[in-house]
There are 2 protein chains.
Amino acid sequence: MAPTLKEVAKEAGVAISTASGILTERPDSWASESTRKRVQEAANRLGYEANRYARGLRIGSFQTIGLLVPDLLNPVYTVYARAIQEALEKAGYSLTVEEAKASLKGESAAVKKLLASQVDGILCFFMDMKAHEKLFTKQKNNNLPMVFFGDSYPNSGIDNVQIDFGRGTKEAIEELIKLGHSNIGVLYGYHPVPKERERADSRMEFFQTVLSKHDLPFPESNLLKSGHTMQNAYDRFKEYLDSTDPTDRVSAVFAINDILALGVMRAAIDHGLSIPEDLSIIGVDNTPMSQFSPIALSSVGYPIREIARTATDFLISRLQGDKEAQREVMFSTHLVHRESIAPPAVEVV
Amino acid sequence: MAPTLKEVAKEAGVAISTASGILTERPDSWASESTRKRVQEAANRLGYEANRYARGLRIGSFQTIGLLVPDLLNPVYTVYARAIQEALEKAGYSLTVEEAKASLKGESAAVKKLLASQVDGILCFFMDMKAHEKLFTKQKNNNLPMVFFGDSYPNSGIDNVQIDFGRGTKEAIEELIKLGHSNIGVLYGYHPVPKERERADSRMEFFQTVLSKHDLPFPESNLLKSGHTMQNAYDRFKEYLDSTDPTDRVSAVFAINDILALGVMRAAIDHGLSIPEDLSIIGVDNTPMSQFSPIALSSVGYPIREIARTATDFLISRLQGDKEAQREVMFSTHLVHRESIAPPAVEVV
DNA sequence: CTGAAAGCGCTAACAG
DNA sequence: CTGTTAGCGCTTTCAG
């Protein structure tokens with residue numbers, strides 16, 4: 001239905017190869033200015049747009065890269081996605097994004113789609129990298145360039161960009177300790193990974209390291225697991241508050257991302273607590289919502305757009321044939337101090 | 001690089017046409033169970049995935065539909081996008097989304113991309129529908145099914161789904177009036193439309209209608225225009241507060257969407273106002289963030305997912321050849337009353 | 001079931 | 001510049 005090259009050529013009264021050469025601006029097109037003009041005008045008149053799939057089929061590339069993210073409902077990933085899209089656009093690539101919808105099953109389905117979608121390269125945020133062996137065999141067999149966010153796959157030739165949550169987490173927890181907190185909880189749950197890999201998240205590990213460095217206990221009951229939505233965090237923390245004696249209750253919670261932190265905050269408020277007097281809260285990602293929240297959320301931030309650009313640049317260089325050794329770059333994090341933290345209330349017994 | 005049908009057929013020792021018939025589950029494939037199995041296994045072994053673009057080229061459809069949204073950084077559109085994607089998936093279609101990035105120029109670019117992308121149909125949220133004549137000629141010439149969100153294009157055969165902001169806006173404003181507010185401001189700015197179409201947004205019109213029905217004045221100075229981000233709304237309202245005598249200051253503001261409302265709220269807080277005592281705020285969209293905000297935001301809500309499904313169903317039926325008369329369906333809105341509104345503080349002069 | 005052949009829209013090489 | 005040709009990977013038809 002849409003006009004084809006053939007029709008444009010006919011309309012302009014030129015050969016199809018001439019039209020092709022002009023419209024794709026091939027350097028060896030010797031067309032004169034007048035024919036050029038004639039072809040361009042014919043194309044415009046007909047509303048011609050090259051069929052990129054036919055072209056892709058022919059040249060062996062659809063100039064598209066795939067992005068896998070866990071959950072687009074978490075705003076941090078839409079920020080990533082946009083930064084990636086912008087970086088790719090400059091290089092002439094399109095982006096197609098697949099989301100895992102925060103489930104392992106969804107992640108597998110998304111990986112499968114990505115593999116089937118004829119992309120030239122792949123960018124991945126995994127919840128559970130280990131679950132995708134197929135991806136790696138494909139990568140090896142077909143030499144499909146990939147770069148990972150947060151996961152490292154040694155000796156694979158797969159570049160990756162890492163976020164070192166060490167500094168930010170340390171700053172966050174030590175800030176809480178300095179404020180006088182000693183009973184600190186952590187809420188996680190974004191990643192629905194299998195049990196055996198469950199506590200591998202570096203944010204959790206750093207959290208516990210800092211605690212023990214300061215000789216603070218960390219009872220199992222301070223480890224709160226929830227689902228990945230605000231509602232999940234809300235429900236989980238509500239349940240915690242309802243079932244915990246106020247004397248034992250944590251005076252601060254570190255949530256593994258901002259939306260979870262906001263769910264915790266809302267649950268605390270509905271429980272009658274004042275933030276930050278009765279409960280200090282810190283999130284991670286430093287999304288705009290943390291800044292604009294009516295009780296501004298302290299959050300561990302990192303340079304999202306720069307990270308996205310770096311990963312994209314890695315991928316693009318591989319697409320252009322770069323055979324350098326596997327690259328791995330680490331970005332640092334830092335605490336952004338806002339209203340949601342304060343010294344713990346004096347215990348009124 | 002990726003395995004082709006030919007290779008699979010060879011691996012399984014069958015004819016290429018047989019393999020095709022089996023893998024696409026063509027009903028007229030007379031293959032025996034054993035050949036079927038052989039082909040499936042060969043495909044798995046090689047990691048075969050049909051090249052959907054080659055197929056699309058052949059069958060004349062890429063089974064893809066395009067979605068145009070103003071700005072994915074506004075969470076309401078990611079909710080829409082996901083609902084649409086899910087509805088399409090059931091029908092065997094893929095979704096490709098283009099965003100205008102909240103600029104008219106971006107919108108034109110996005111429309112252009114959509115037109116060039118060989119989609120089978122298009123779903124659109126426009127900021128400025130009138131700016132895209134090309135779309136309509138394309139639609140007419142190529143019979144490309146489209147459905148619009150919020151815009152109606154009479155006698156075009158383009159189905160649309162509308163949101164009637166009348167009821168929700170009325171409820172919102174009358175609730176404010178009932179609470180005792182008489183000096184109510186409105187903040188808008190999402191749509192960067194040309195001057196002459198600027199005040200056409202139905203939310204604004206309803207707002208003013210309700211005001212005048214209650215004989216309330218609406219000075220031009222209560223009409224606040226900002227950009228489309230939280231930061232924009234924040235800056236705009238901060239400026240308003242800084243430049244307005246407290247005696248003249250609005251006691252309530254109706255913002256055209258939730259993220260703008262939250263920007264206003266934060267600006268008010270930073271100005272030393274208490275919410276809702278010193279300022280009542282109402283948003284629109286009823287996104288999760290309004291519910292979980294530490295000061296929960298009252299918001300005009302509507303059934304997003306149902307709207308998305310309806311539009312998608314319209315499109316799918318058109319794709320299946322439905323020639324019914326142009327459809328138009330209207331969804332209603334209602335106020336969700338939360339913490340951000342209260343009677344105005346007694347004037348302490 | 002096989003094998004051949006055509007064609008979707010495009011690029012690219014080549015002889016005129 | 002033209003016109004032809006081949007082929008990207010696939011579907012589909014048709015004679016064996």
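Order of the sequence lines sets the chain letters (A, B, ...), proteins ahead of strands, with each chain counted from 1.
- Rounded to whole angstrom, the span from the CD atom of A:Q63 across to the P atom of C:dC10 amounts to 16 Å.
- B:R55 and B:T24 are not linked by any side-chain donor-acceptor pair at a separation below 3.5 angstrom, with hydrogens and angles left out of the test.
- Contacts with DNA chain C (heavy atom under 4.0 Å) in residues 10-18 of chain B: B:G13, B:V14, B:A15, B:S17, B:T18, listed by number.
- B:E86 has a carboxylate O that lies under 4.0 Å from a charged side-chain N of B:R305, or vice versa, which qualifies the two as a salt bridge.
- Straight-line distance from the CZ atom of B:R26 to the P atom of D:dT13: 8 Å, rounded to whole Å.
- For the OP1/OP2 pair of D:dG7 and a distance below 4.0 Å, the side-chain nitrogens and oxygens of A:R58 include no atom meeting the criterion.
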Problem set entry | Pair A:R327-A:D313, salt bridge (Lys or Arg N to Asp or Glu O under 4.0 Å): steps then yes or no | CA-CA 11 Å; A:R327 280 166 298 204; A:D313 288 346; over 6 Å; no

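- Residue B:S20 places none of its side-chain N or O atoms closer than 4.0 Å to OP1 or OP2 of D:dC10.
- With distances taken from any side-chain atom of B:T4 to the nucleotides D:dC10, C:dT11, C:dG9, the minimum falls on D:dC10.
- For the side-chain contact (heavy atoms from CB on, under 4.5 Å) test, residues two or more places apart in sequence or in another chain that qualify with B:A311 are B:L123, B:V147, B:F149, B:V161.
- For the pair A:E7 CD and C:dC8 C1', the interatomic distance rounds to 13 Å; values are reported in whole Å.
- When rounded to the nearest whole Å, the span between CG of B:N51 and C1' of C:dG9 equals 14 Å.
- In terms of heavy atoms, A:P145 sits closest to A:L319 at CG-CD2, 3.9 Å.
- Residue contacts for B:L5: at a heavy-atom cut-off of 4.0 Å it reaches a base atom on one of the strands shown.
- Donor-acceptor pairing under 3.5 Å is lacking for the side chains of A:T64 and A:Q118.
- For the pair B:A54 and B:E33, nearest-nucleotide mapping onto DNA chain C gives the more 5' position to B:E33.
- For the residue pair A:E328 and A:S152, a side-chain donor N or O sits within less than 3.5 Å of a side-chain acceptor on the partner.
- Taking atom NZ of residue B:K6 and atom P of nucleotide C:dA4, one finds them 11 Å apart after rounding to whole Å.
- The CD1-C1' distance, from B:I59 to D:dT12, rounds to 12 Å in whole Å.
- Straight-line distance from the CG atom of B:L23 to the P atom of D:dT11: 8 Å, rounded to whole Å.
- Within the 4.0 angstrom heavy-atom criterion, no nucleotide atom of any strand lies near B:R52.
- The nearest whole Å value for the distance from the CZ atom in B:F62 to the P atom in C:dC8 is 13 Å.
- Counting any heavy atom pair closer than 4.0 Å across all strands shown, B:Y48 reaches sugar-phosphate atoms only and no base atom.
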